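Some notes on the structure that comes next.
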Amino acid sequence: MTPEQHSAAAASLIDAEKAGRQIGLLSLQYPYIDMNDAYAIQSALAAQKLAEGRKVVGWKIGLTSKAMQYALNIDIPDSGVLFDDMVFPHGGTVPAGRFIQPRIEAEIAFVMKAPLSGSAITREDVIAATDYVAPSLEILDTRILRADPASGQARNVFDTISDNAANAGLVLGPQKHAIDACDLRWVGAIVSRNGEVEETGLGAGVLNDPVESVVWLARRMQTYGQQIEAGQVILSGSFIRPVECPSGTHIHADFGAFGSVACNFA
């Protein structure tokens, strides 16, 4: 793909988000799209949001579970950008019409106290750079159709990455924990929708350890000339399947001793 095509694809995604409608699969429109193209589209999308006055507050990591990697025929995670207008308060309500097809995932969030980047980053570096960890929800949305209505072809990882890794929002729980206060592999959640349990999972579902997910992100960002900054939030990846959140949904994620986090969809 050319830089002009990257910009055009990003503009179509921005327009789709503003209009509340989905566009066709980029992987059909550009059948030769590859991973570098997808991240270039994401970067162009982020640049437009920054030009409109948005600020980067962190990063999300996706496709960290084997189940999702197998589903998309990929063996590495992906990442996206968190902007300031994506942050919703614990227990707050997402306005009606804000998203097209919202879903949520439960994750362990890392809040950083020092910058982090480099191909040689280790888990010890991540631990040293982390201010605290907290329970969180990631709100997903897609500005791209989940499947092409004519051919039935499903969107692929290049569509997802281009669409800012399907990111739409985040909710942080109020509890803050030192990163070494517990084994994050055993931190889990019971996620309920309107009072009924929908999903459960453990942190080990995220690359066997959520810390390793942040290691992956720091190393990947160096490839693209980026770095994690102090104060940023890192959503380390979901350990549950996405839960659909139509209008009127109440979500509560019980992380046990680690805390809880909730949100509502008007």
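Note that these values count all heavy atoms, side chains included, but never hydrogens, waters or copies made by symmetry. None of these values were measured; they are calculated from a predicted model.
For S12 and D15, the side-chain atoms include no donor-acceptor pair closer than 3.5 Å.
Judged by distance alone, with hydrogens and angles left aside, the side-chain atoms of N156 form a donor-acceptor pair with the main-chain N or O of F158 at under 3.5 Å. Using modelled atom types, no side-chain atom of D254 and backbone atom of I190 make a donor-acceptor pair closer than 3.5 Å. Side-chain atoms of D125 come within 3.5 Å of backbone N or O of T122 as a donor-acceptor pair.
We find that E52 and K18 are joined by a salt bridge, their nearest charged nitrogen and carboxylate oxygen being less than 4.0 Å apart.
When side chains are defined from C-beta on, L172 does not count as touching H90, because their heavy atoms never get closer than 4.5 Å. R98 is listed as a side-chain neighbour of F88, based on a closest heavy-atom distance under 4.5 Å.
The side-chain hydrogen bond (donor to acceptor under 3.5 Å, both in side chains) test applied to R193 returns E198, not counting sequence neighbours. Under the side-chain hydrogen bond (donor to acceptor under 3.5 Å, both in side chains) criterion, R54 pairs with D84, sequence neighbours left out.
A cation-pi arrangement is present between R220 and Y39, with the terminal nitrogen or guanidinium carbon under 6.0 Å from the aromatic centre and inside a 45° cone about the axis.
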### Stepwise side-chain contact (heavy atoms from CB on, under 4.5 Å) check, M86 with F83
CA-CA 6 Å; M86 294 178 171; F83 294 96; 3.7 Å; yes

#### Entry: Test log, rule salt bridge (charged side-chain N to carboxylate O under 4.0 Å, His left out), inputs R123 and D209
CA-CA 10 Å; R123 61 179 292 109; D209 185 344; 3.0 Å; yes

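Taking the six-membered ring where tryptophan is involved, the planes of Y30 and Y32 are perpendicular, since the angle between them exceeds 60° and thus also 30°.
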